[in-house]
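Below, chains carry the letters A, B, ... as their sequence lines are ordered, and counting in each starts from 1. For the numbers below, each heavy atom of this structure counts, side chains included, while hydrogens, waters and symmetry mates do not.
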2 protein chains.
Amino acid sequence: MKHLLQTIKIEVNKKTYLKDPESSDLGKRIVEHSILMIHEIGFEAFTFKKLGIRIGSNESSIYRYFENKHKLLLYLTSWYWGWLEYQLVFATNSISDPKERLQKAIEIITKPVVLDTSFSHINEVLLNNIIINEYSKSYLTKEVDTENKEGYFEIYKRMVLRISEMIEHIDQDYPFPVSLSSTVLEGTLHQYFLAQHFPSLTDCNKQISPTEYFTHLVFNSLKPNTNG
Amino acid sequence: MKHLLQTIKIEVNKKTYLKDPESSDLGKRIVEHSILMIHEIGFEAFTFKKLGIRIGSNESSIYRYFENKHKLLLYLTSWYWGWLEYQLVFATNSISDPKERLQKAIEIITKPVVLDTSFSHINEVLLNNIIINEYSKSYLTKEVDTENKEGYFEIYKRMVLRISEMIEHIDQDYPFPVSLSSTVLEGTLHQYFLAQHFPSLTDCNKQISPTEYFTHLVFNSLKPNTNG
DNA sequence: TAAGATATGATAGTAATACTATTATATTTG
DNA sequence: CAAATATAATAGTATTACTATCATATCTTA
């Protein structure tokens, strides 16, 4: 099982990179340190020049892996959703009871991320923080429709659809399964952001977890409502 | 009443501007055309230089009103939330029944924005679209904590708290009133964004309104649940 | 092991951005 | 009419986001 995990490779849209960063040492260091740097100084202040200095490499070499920092962000975010999707499928696959399965899915999506040693050059905890603080910027652009057509958001969309299918499976009459699913995915990021920067705008804190909030939210929307 | 509305001025944090844009013709043209331009080319591509050319004025003159385009975005977003808060208070003020009041509040927040002729230099429909597409960028920054302390997000926070108080008023035992409130506010923007760019990730469309979705979501979370 | 291919590094250069500073010219007000 | 204020014009700077070219190091394989 451990061995199986170690041979897994998260597949992201090949258009996000010019050269697969997993294929070389330099590529892995680019990914590793871009996560550290974006976490430290934010996506706006992050540049390939600064990254080059940090990893003792050259700006021009980084450009051989990624067209620009936007594409790098698309790579990182796709990787993250691919990784989370793997956790989701792995954890819910064997659960036959629809409610239990959805409950587990919500748990996987909403619980705090912990380090996964299977991918040594990627710090999933920091990457999750980048997703919380920067993910919206990957799609709140004028190019979103083109990039959507080119498949840059496929994994995320698959995630939303997976959850919405689980919702439909429990209550076929519920009129908003996809909206509820996208609300949970996006809302989770938002509640974590609020907990960090606007604690007065969320009930989520050390006592109350996003998992509790969203579990309550989802199961009270669905019928037959046996939750409570 | 019409007259009353016309004398209303939406108060935004004075730190967002160097000189009040409402105090002069040039100021109003800056605001008016910044809304048009950001809507057209997006916040990233928008610059003071381009705006200057468009309004037949000079880059340096615009800098006398706003420190930079980030502050201008803070001005526009604060104005928008101030305007929406006014709609909210005006519409819910006289309703004494807690459920009816919350229902009306959700309606105000979630329904499509229509032009308000009280503010002739501001196109609220386009501004709403800017909020949908750009609002997150005003707080997803490394400076968010400082700017929060300086009061740049006060109006938005007040909105979230108003709704959460209405929720608490209906169900004092509901454990997540603030999270539910912030989910409705943020989620509304997100559902409109999805409807525009990722229609497969939302149920909201011409047949199903965000109002229906969020009304269902909120009232099913609360007890006594007499909704359905 | 030499020849060629490929990866990386170093340097230079460009257009645009996000400003700041200074000076000039209108316009308004007292 | 003079002084104050608002706006415009011009120039200049550091940084960003690249592109292009050439040099060098390393790896492959015949």
Side-chain angles (χ1 to χ4, degrees), chain A residues 14-34 37-38 40-76 121 134 137-138 140-143 146-147, chain B residues 14-34 37-38 40-76 121 134 137-138 140-143 146-147:
Chain A
K14 283 175 167 41
K15 292 177 198 158
T16 57
Y17 52 78
L18 298 168
K19 181 179 172 174
D20 187 354
E22 301 260 329
S23 72
S24 76
D25 208 70
L26 178 61
K28 281 180 198 154
R29 277 193 301 137
I30 289 172
V31 169
E32 178 179 2
H33 288 273
S34 67
M37 264 193 117
I38 293 172
E40 283 165 23
I41 64 176
F43 186 67
E44 270 63 47
F46 169 81
T47 69
F48 282 1
K49 186 162 200 175
K50 289 176 190 167
L51 177 61
I53 291 166
R54 173 162 183 153
I55 64 177
S57 177
N58 198 275
E59 199 187 359
S60 60
S61 303
I62 299 167
Y63 274 105
R64 283 202 198 85
Y65 284 85
F66 295 99
E67 268 182 73
N68 50 51
K69 71 173 180 173
H70 173 69
K71 287 284 172 72
L72 170 60
L73 183 62
L74 289 174
Y75 175 86
L76 293 176
H121 65 299
E134 323 281 2
K137 297 173 192 169
S138 75
L140 294 179
T141 68
K142 276 286 160 184
E143 296 76 34
T146 319
E147 291 184 347
Chain B
K14 284 176 170 35
K15 291 177 198 158
T16 55
Y17 50 78
L18 298 168
K19 179 179 173 175
D20 187 354
E22 301 260 329
S23 72
S24 77
D25 208 71
L26 178 61
K28 281 179 198 156
R29 276 193 301 138
I30 290 171
V31 169
E32 179 180 1
H33 288 274
S34 67
M37 264 192 115
I38 293 172
E40 284 165 23
I41 64 176
F43 186 66
E44 270 63 48
F46 169 80
T47 70
F48 281 2
K49 186 160 200 177
K50 288 176 191 168
L51 178 60
I53 291 164
R54 172 161 183 155
I55 64 178
S57 177
N58 199 275
E59 197 187 1
S60 59
S61 303
I62 299 167
Y63 273 106
R64 280 200 203 85
Y65 284 84
F66 295 99
E67 270 182 72
N68 49 53
K69 71 173 180 173
H70 173 67
K71 287 285 171 74
L72 171 59
L73 183 62
L74 289 174
Y75 175 86
L76 294 176
H121 64 298
E134 322 282 2
K137 296 173 191 167
S138 75
L140 294 180
T141 68
K142 275 286 161 185
E143 296 76 33
T146 319
E147 293 185 346

query = Out of dT16(D), dT7(D), dT11(C), which nucleotide sits closest to the side chain of K50(A)?
reply =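 It is dT16(D).
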
ask   = Of all the choices, dA20(D), dA9(D), dA18(C), which nucleotide is nearest to the side chain of T47(B) once you look at every atom?
value =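 Closest of the options to the side chain of T47(B): dA18(C).
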
key: Over all atoms of both residues, closest heavy-atom pair of S34(B) and L76(B)   =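 In this case the closest contact between S34(B) and L76(B) is OG-CD1, 3.9 Å.
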
task = Output yes when at least one side-chain N/O atom of S61(B) is less than 4.0 Å from OP1 or OP2 of dA8(D), else no.
result =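 Yes, because at least one side-chain N or O of S61(B) sits under 4.0 Å from OP1 or OP2 of dA8(D).
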
task = Output yes when at least one side-chain N/O atom of S57(A) is less than 4.0 Å from OP1 or OP2 of dG9(C), else no.
result =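 Yes.
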
Taking [atom1] from [X] and [atom2] from [N], how many angstroms apart are they, rounded to a whole number?
{"X": "Y63(B)", "N": "dA18(C)", "atom1": "OH", "atom2": "P", "value": "7 Å"}
{"X": "N68(B)", "N": "dT20(C)", "atom1": "CG", "atom2": "C1'", "value": "13 Å"}
{"X": "N58(A)", "N": "dT11(C)", "atom1": "CG", "atom2": "P", "value": "9 Å"}
{"X": "H70(A)", "N": "dC18(D)", "atom1": "NE2", "atom2": "C1'", "value": "16 Å"}
{"X": "K49(A)", "N": "dG9(C)", "atom1": "NZ", "atom2": "C1'", "value": "14 Å"}
{"X": "I62(A)", "N": "dA7(C)", "atom1": "CD1", "atom2": "P", "value": "17 Å"}
{"X": "I53(B)", "N": "dA8(D)", "atom1": "CD1", "atom2": "P", "value": "13 Å"}
{"X": "R64(A)", "N": "dA17(D)", "atom1": "CZ", "atom2": "P", "value": "19 Å"}

Option passing side-chain contact (heavy atoms from CB on, under 4.5 Å) with Y65(B) (candidates L26(B), V31(B), L18(B), L72(B)) =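 Result for side-chain contact (heavy atoms from CB on, under 4.5 Å) with Y65(B): L26(B).
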
message = Please identify which of these residues, R29(A), K49(A), M37(A), meets the side-chain contact (heavy atoms from CB on, under 4.5 Å) condition with R54(A).
response =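 Among R29(A), K49(A), M37(A), the one that satisfies the side-chain contact (heavy atoms from CB on, under 4.5 Å) with R54(A) is M37(A).
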
task = Taking only heavy atoms on the protein side, list every residue of residues 17-31 of chain A lying under 4.0 Å from any atom of DNA chain D, sorted numerically.
result =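 The stretch gives none, as no residue of it lies under 4.0 Å from the strand.
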
request  = Assign F48(B) to base, sugar-phosphate, or nothing according to its heavy-atom contacts below 4.0 angstrom with the strands shown.
outcome  =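 Answer is nothing: F48(B) stays at 4.0 Å or more from every strand.
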
Sugar-phosphate, base or nothing in reach of E67(B), heavy atoms under 4.0 Å =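 Answer is sugar-phosphate: E67(B) comes under 4.0 Å of backbone atoms only.
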
K50(B) bridged to E40(B) by N-O distance under 4.0 Å =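 Answer for the salt bridge query: no.
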
Residue whose nearest DNA chain C nucleotide is more 5′ - Y65(A) or E59(A) =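 The answer here is Y65(A).
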
query = In Å and rounded to the nearest 0.5 Å, what is the CD1 to CZ distance from I30(B) to F48(B)?
reply =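 Nearest 0.5 Å value for the CD1-CZ distance: 7.5 Å.
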
K69(B) side chain vs E44(B) backbone, donor-acceptor pair below 3.5 Å =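 Side chain of K69(B) to backbone of E44(B), a donor-acceptor pair under 3.5 Å: yes, one is there.
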
Any E22(B) side-chain heavy atom under 4.5 Å of H121(B) side chain =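 SC-SC contact between E22(B) and H121(B) confirmed.
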
